[in-house]
Amino acid sequence: TYLEKHYESFAEASLDDLIVHALQALVGCVSGDDELTKENGSVAILGKDQKFIMLEGDELEPYLNRLEVKNAEEEKDEDEEKEEDEPQAMET
């Protein structure tokens, strides 16, 4: 799963980055053609010496936007890698 693949980076991550990681993990849980949105997603934050916080609705939207940008950049990088791996035609 996403969390198993990335858990080693969590200790050094900021709270904002951890929220984006949580949302990325949730993306894999959305069924069918649905997308993770501010209407169907939420993230709870809790920790030692910190009160419980629930992010949902409009409070969640900036993090979803960051996730969309991150995913678009990763897709672009993957496309560029594929192009580099493809054999190039020789000029004559």
Side-chain angles (χ1 to χ4, degrees):
T1 66
Y2 178 86
L3 294 177
E4 290 172 325
K5 292 178 183 176
H6 296 89
Y7 77 93
E8 292 177 350
S9 67
F10 298 163
E12 302 298 322
S14 69
L15 179 59
D16 286 350
D17 289 339
L18 290 172
I19 293 168
V20 174
H21 280 297
L23 291 172
Q24 184 67 54
L26 289 174
V27 165
C29 299
V30 178
S31 63
D33 293 333
D34 290 338
E35 291 185 15
L36 185 63
T37 66
K38 67 180 185 176
E39 285 82 23
N40 67 4
S42 60
V43 174
I45 303 168
L46 60 119
K48 184 178 179 181
D49 300 324
Q50 180 177 341
K51 67 178 189 174
F52 178 85
I53 300 171
M54 179 69 78
L55 293 177
E56 51 193 356
D58 290 338
E59 293 177 327
L60 194 61
E61 192 164 17
Y63 299 102
L64 289 167
N65 292 340
R66 277 185 58 190
L67 182 63
E68 290 174 8
V69 169
K70 178 183 170 196
N71 288 340
E73 289 173 354
E74 287 175 359
E75 286 179 16
K76 181 181 174 187
D77 290 344
E78 288 175 7
D79 290 344
E80 289 174 356
E81 286 177 12
K82 286 180 186 177
E83 288 176 7
E84 291 174 3
D85 291 342
E86 291 177 4
Q88 301 295 318
M90 293 180 56
E91 293 183 31
T92 55

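Please read these numbers as outputs of a predicted model, since none were measured by experiment.
Atom CD of Glu61 is surrounded by more than 12 heavy atoms from other residues, nucleotides or ligands within 6.0 Å. The number of heavy-atom neighbours closer than 6.0 Å to CD of Gln50, taken from other residues, nucleotides and ligands shown, is above 12.
In the hydrophobic clustering of ILVMFWY residues, with side-chain heavy atoms under 4.5 Å counting as a link, Leu3 and Leu15 come out apart. The hydrophobic clustering, which links ILVMFWY residues whose side-chain heavy atoms are closer than 4.5 Å, places Val30 and Tyr63 together. When the side chains of ILVMFWY residues are joined at heavy-atom separations under 4.5 Å, either directly or via intervening members, Met54 and Leu46 end up in a single hydrophobic cluster. In the hydrophobic clustering of this structure, Leu26 groups with Ile53; members are Ile, Leu, Val, Met, Phe, Trp, Tyr whose side-chain heavy atoms approach within less than 4.5 Å, directly or through other members. Hydrophobic clustering (side-chain heavy atoms under 4.5 Å, transitive across Ile, Leu, Val, Met, Phe, Trp, Tyr) keeps Leu18 apart from Val43.
Minimum heavy-atom separation, Phe10 to His6: CE2-O, 3.3 Å. Gly57 and Lys38 make their closest contact through O-CB, 3.2 Å (heavy atoms, listed as atom of the first residue, atom of the second, distance). Nearest heavy atoms, Asp16 versus Arg66: CB-NH1, 3.1 Å. Nearest heavy-atom pair across Leu60 and Gly41 is CD2-O, 3.3 Å. Between Leu64 and Thr37, the shortest heavy-atom contact is CD1-C, 3.5 Å. Scanning all heavy atoms of the two residues, the minimum distance from Leu67 to Gln24 falls at CD1-OE1, 2.9 Å.
Here Ser14 contributes atom OG and Ile19 contributes atom CD1; the two are 8.0 Å apart, rounded to the nearest 0.5 Å. A distance of 4.0 Å separates CG of Leu55 from CD1 of Ile45, quoted to the nearest 0.5 Å.
Taking the ring centroids of His21 and Tyr2, they lie under the 6.0 Å cut-off.
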